[in-house]
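Okay, so here's the structure we're looking at.
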Number of protein chains: 2
Amino acid sequence: MKLVYKIWVEGKTKAFGEGPYKLLRKVEQLGSLNKAAQDMNMSYSKAWSIIKRAEKELGFKLVESNTGGVGGGGSRLTSQAKTMLTRYDEFHCEAGEILTKLYNKYFGELL
Amino acid sequence: MKLVYKIWVEGKTKAFGEGPYKLLRKVEQLGSLNKAAQDMNMSYSKAWSIIKRAEKELGFKLVESNTGGVGGGGSRLTSQAKTMLTRYDEFHCEAGEILTKLYNKYFGELL
DNA sequence: TAGCGTTATATTTATGTTCGAATAACGCTT
DNA sequence: AAGCGTTATTCGAACATAAATATAACGCTA
């Protein structure tokens, strides 16, 4: 038995959670949304819709893309996206530590 | 923008979270799984499967039921179920306070 | 023994999610 | 100008999950 938690930011609908986080990290690493999707065994169309939904909900752009050119183009993170990533990272990590302690306090001996 | 979180206990699959919690509270109050389901605008079969899955995963019974007899029968909580409810209550409440603080710390001025 | 309201369970239906294909545009390279 | 690999976008199909429905059993009551 273990604790599982999901945390996300929501406006009218889901805006930013673990899905966009992981995907953006891959985009940052590989410089391409297509490569990121492939690397995560995810269809390009799904990756694209994840980004678009998050952007629409947050109200600012997360990736800056070039189409065409050398290598066909690519995508890189906006500075706002980078801020979101670091904040989410810290938030999620700290939350995990605290929740684990709480879980042990209340369910540790029980389960 | 607001924070949304879901927390549950998991074995091989979801075992105990807010769904079972709310349902068991209603069963406790009404003495019947059927009445509890109706009160929550939920089909009986869904209510039943929620309880069964949780019991199977946790490894102990959550409700004790009589079928037939006066009033058709009914269901009441086991002592283990009562323990789960109080623990989950405290856990969820404390977690909520802490996560809200964390959210404000990391996203308060940003979103 | 017929009727009631419940628990118990399987089967069917509905809903939502994800994938994959199809199409177009873009700008560099050769 | 043709080819390449990418972004951009839409759409129906396939799959997975959730919910509703149907049926049976149970034990008291009258």
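Labels below follow one simple rule: chain letters A, B, ... track the order of the sequence lines, proteins then strands, and each chain is numbered from 1.
Nearest to the side chain of B:Thr67, among D:dA25, C:dC28, D:dT6, sits D:dA25. Checked against D:dA19, D:dT7, C:dT6, the side chain of B:Lys46 finds its nearest nucleotide in D:dA19. Here the side chain of A:Trp48 is nearest to one of D:dT7, D:dT9, C:dA8, namely D:dT9. Taking every side-chain heavy atom of A:Ser32 into account, D:dT6 is the closest of D:dT6, C:dA8, D:dT9. Of the listed nucleotides (D:dA8, C:dT6, D:dA20), D:dA20 has the atom at the smallest distance from the side chain of B:Ser43. Closest to the side chain of A:Lys52, out of C:dT9, D:dT9, D:dC28, is D:dT9.
At the heavy-atom level, B:Ser49 lies nowhere under 4.0 Å from the strands shown.
Spacing between atom CG of B:Leu33 and atom P of C:dT7 amounts to 5 Å, rounded to whole angstrom units. Look at OH on B:Tyr44: it is 16 Å from P on D:dT21, rounded to the nearest Å. Remark: C1' of D:dT7 and NZ of A:Lys35 are 12 Å apart, rounded to the nearest angstrom. Distance, A:Arg53 CZ to D:dA8 C1': 18 Å, rounded to whole Å. Atom pair B:Ile50:CD1 and C:dT7:P shows a separation of 14 Å (rounding to whole Å applied). Note: CD (B:Glu64) to C1' (C:dA8) measures 15 Å, nearest angstrom. What separates NZ of B:Lys56 from P of C:dT9 is a distance of 12 Å, to the nearest Å. Counting to the nearest Å, the P atom of D:dT21 and the CE atom of B:Met42 are 15 Å from each other.
Using the six-membered ring where Trp is involved, A:Tyr88 and B:Phe107 have ring planes that are tilted, between 30° and 60° apart.
For the residue pair A:Lys35 and A:Gln38, no side-chain donor N or O sits within less than 3.5 Å of a side-chain acceptor on the partner.
Along DNA chain D, the nucleotide closest to B:Gly72 and the one closest to A:Gly72 are compared, and the more 5′ of them pairs with A:Gly72.
At C:dG20, none of the side-chain N or O atoms of A:Ser45 fall inside 4.0 Å of OP1 or OP2 (strictly under the cut-off). Proximity of A:Asn34 to the phosphate of D:dT6: a side-chain N or O atom is located under 4.0 Å from OP1 or OP2.
Side-chain atoms of B:Glu55 come within 3.5 Å of backbone N or O of B:Leu62 as a donor-acceptor pair.
Annotation: A:Arg87, atom CZ; neighbour count of heavy atoms from other residues, nucleotides and ligands within 6.0 Å is above 12.
Aromatic ring centres of A:Tyr106 and B:His92 lie farther apart than the 6.0 Å criterion allows.
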